[in-house]
Amino acid sequence: MRIFSGIQPTGRKHLGNYIGAIVQYVAGQDRGEAIYSIVDLHSLTVPFDPRELPQLVYDTAAILLAAGLDPERCILFRQSDVHEHTELTWLLTSVTAKGELERMTQYKDKSAKQRELSTAGLFLYPVLMAADVLAYRAHEVPVGEDQRQHVELMRDVAGRFNARFGETLVVPEAVIPQVGARIMDLQDPTSKMSTTSASAEGTVYVLDEPAQIERKFKRAVTDSGKGVHRAPDKPGIANLIEILAVVRGVDPAVVEHEHREAGYGDFKVAVAAAVVDYLAPVRERYNELRADEARLESIFAAGAERARALASVTLADVRAAMGVGSPR
Ligand code: TYM
């Protein structure tokens, strides 16, 4: 069983990325052949700084390694090192409906926010994402809830390709965690936690200092009333319950039971303490791993070579199925 997922090197990685996705990447190493990519080409679809980009790629790699990715047990590579991704993107545009791309909520949200230039890259983003996964004939795609629509699209693209050109690609499945698939902003628990949210106070970064984490949780917006339990009118408390459940590796019902007598203030302190303990070892390992850029480059080089060996086989099959290039 093959697993593929990608993570963007834009901005700093936050607790939502960690709980929704990175934890699953680490677990994937024990479940199958795991392939993970730092998708630098995706980050060109919104404004970026060319001098900063290589640094952000290293930052992201060091976070993934600190979280427990082991280059001996998975393939970790930088997307732009494997040219098959961009070639397959173009080939897949021939079986991608423009109307489908227009319906992607992430495209609609992000393009509305671009003041100066809403790029064609932003529009084609989901096709590049489809190429990432389909190039490896991956079966599973671990992601957070916000990527569900993109995985649906790649399933359609793979199915349409196979129907038009013959069975060539694997139709992948999204793997979305039961708990923690959509971590919400601590200041606005009706929007997902993200790097681009209105207030930096609502986003807990993996590399935040303990004091910052404690402050953000203490100030977290909770709901009126009392009682630590999940309910539709309690998005703030429900979010904190989910965070604590994932961090402790227990069911949210256990968290509710244990804290049933607690006031919101005490509960927030407990969640903060658990998150601080959870992220402390990651931050420590990060500092060591991030310092050795030569080692990160050698991990990328080895990862790209292994990735290319797999992707080039798919590309040869796709080209042959489509009649592209010299006939075999
Ligand atoms: P990216 O880099 O924005 O996010 C990485 C992962 O974090 C998840 N995530 C969250 N999970 C829970 N709660 C949140 N608040 C939250 N915010 C983000 C995302 O769902 C994602 O799994 N398009 C992808 C990158 C990508 C990719 C791929 C993923 C490129 N190619 C191929 C899978 C397969 C993205 O923007 O992730």
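Atoms within each ligand, like the ligands themselves, are counted from 1 in listed order. Bear in mind the structure is a predicted one, so any value in this text is a computation, not a measurement.
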Considering only the protein, which heavy-atom contact is closest to [atom], and what is its distance?
{"atom": "atom 20 (O) of ligand 1", "answer": "Asp146 OD1, 2.4 Å"}
{"atom": "atom 28 (C) of ligand 1", "answer": "Met129 CG, 3.3 Å"}
{"atom": "atom 31 (N) of ligand 1", "answer": "Asp132 OD2, 2.7 Å"}
{"atom": "atom 11 (N) of ligand 1", "answer": "Gly16 O, 3.1 Å"}
{"atom": "atom 5 (C) of ligand 1", "answer": "Asn17 ND2, 3.6 Å"}
{"atom": "atom 26 (C) of ligand 1", "answer": "Gly6 O, 3.6 Å"}

Got a salt bridge between [X] and [Y], using NZ or NE/NH1/NH2 to carboxylate O under 4.0 Å?
{"X": "Glu258", "Y": "Arg248", "result": "yes"}
{"X": "Arg182", "Y": "Glu242", "result": "no"}
{"X": "Arg148", "Y": "Glu145", "result": "yes"}
{"X": "Asp146", "Y": "Lys192", "result": "yes"}
{"X": "Asp30", "Y": "Arg73", "result": "yes"}
{"X": "Arg215", "Y": "Glu201", "result": "yes"}
{"X": "Asp59", "Y": "Arg290", "result": "yes"}

Please report whether ligand 1 has a polar contact with [X], defined as an N or O pair separated by less than 3.5 Å (distance criterion only).
{"X": "Ile183", "result": "yes"}
{"X": "Gly180", "result": "no"}
{"X": "Tyr125", "result": "yes"}
{"X": "His150", "result": "no"}
{"X": "Val39", "result": "no"}
{"X": "Tyr25", "result": "no"}
{"X": "Val141", "result": "no"}
{"X": "Glu145", "result": "no"}

Would you check whether [X] reaches within less than 4.0 Å of ligand 1, judged by its heavy atoms?
{"X": "Met154", "answer": "no"}
{"X": "His14", "answer": "yes"}
{"X": "Ser5", "answer": "yes"}

Trace of the side-chain contact (heavy atoms from CB on, under 4.5 Å) decision for Met104 with His150: CA-CA 8 Å; Met104 293 290 115; His150 287 157; 3.6 Å; yes
Apply side-chain hydrogen bond (donor to acceptor under 3.5 Å, both in side chains) to residues Asp70 and Gln29 and explain how you reach the verdict. CA-CA 8 Å; Asp70 173 2; Gln29 299 180 112; over 6 Å; no
Does CZ belonging to Arg164 count more than 12 external heavy atoms closer than 6.0 Å?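 Result for CZ/Arg164: open.
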Are the side chains of [X] and [Y] in touch, meaning some heavy atoms are under 4.5 Å apart?
{"X": "Leu169", "Y": "Thr314", "answer": "yes"}
{"X": "Glu100", "Y": "Pro126", "answer": "no"}
{"X": "Val204", "Y": "Tyr18", "answer": "no"}

Proximity of [X] to ligand 1 by residue part, where a heavy atom lies under 4.0 Å:
{"X": "His42", "result": "side chain"}
{"X": "Ser194", "result": "neither"}
{"X": "Glu242", "result": "neither"}
{"X": "Gln8", "result": "both"}

With a cut-off of 4.0 Å, which atoms of ligand 1 are near a heavy atom of Gly20?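 Reading through ligand 1 atom by atom, the close ones are 11 (N), 12 (C).
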For ligand 1, which atoms, with element, lie under 4.0 Å from some heavy atom of Val133?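 What qualifies from ligand 1 is 32 (C), 34 (C).
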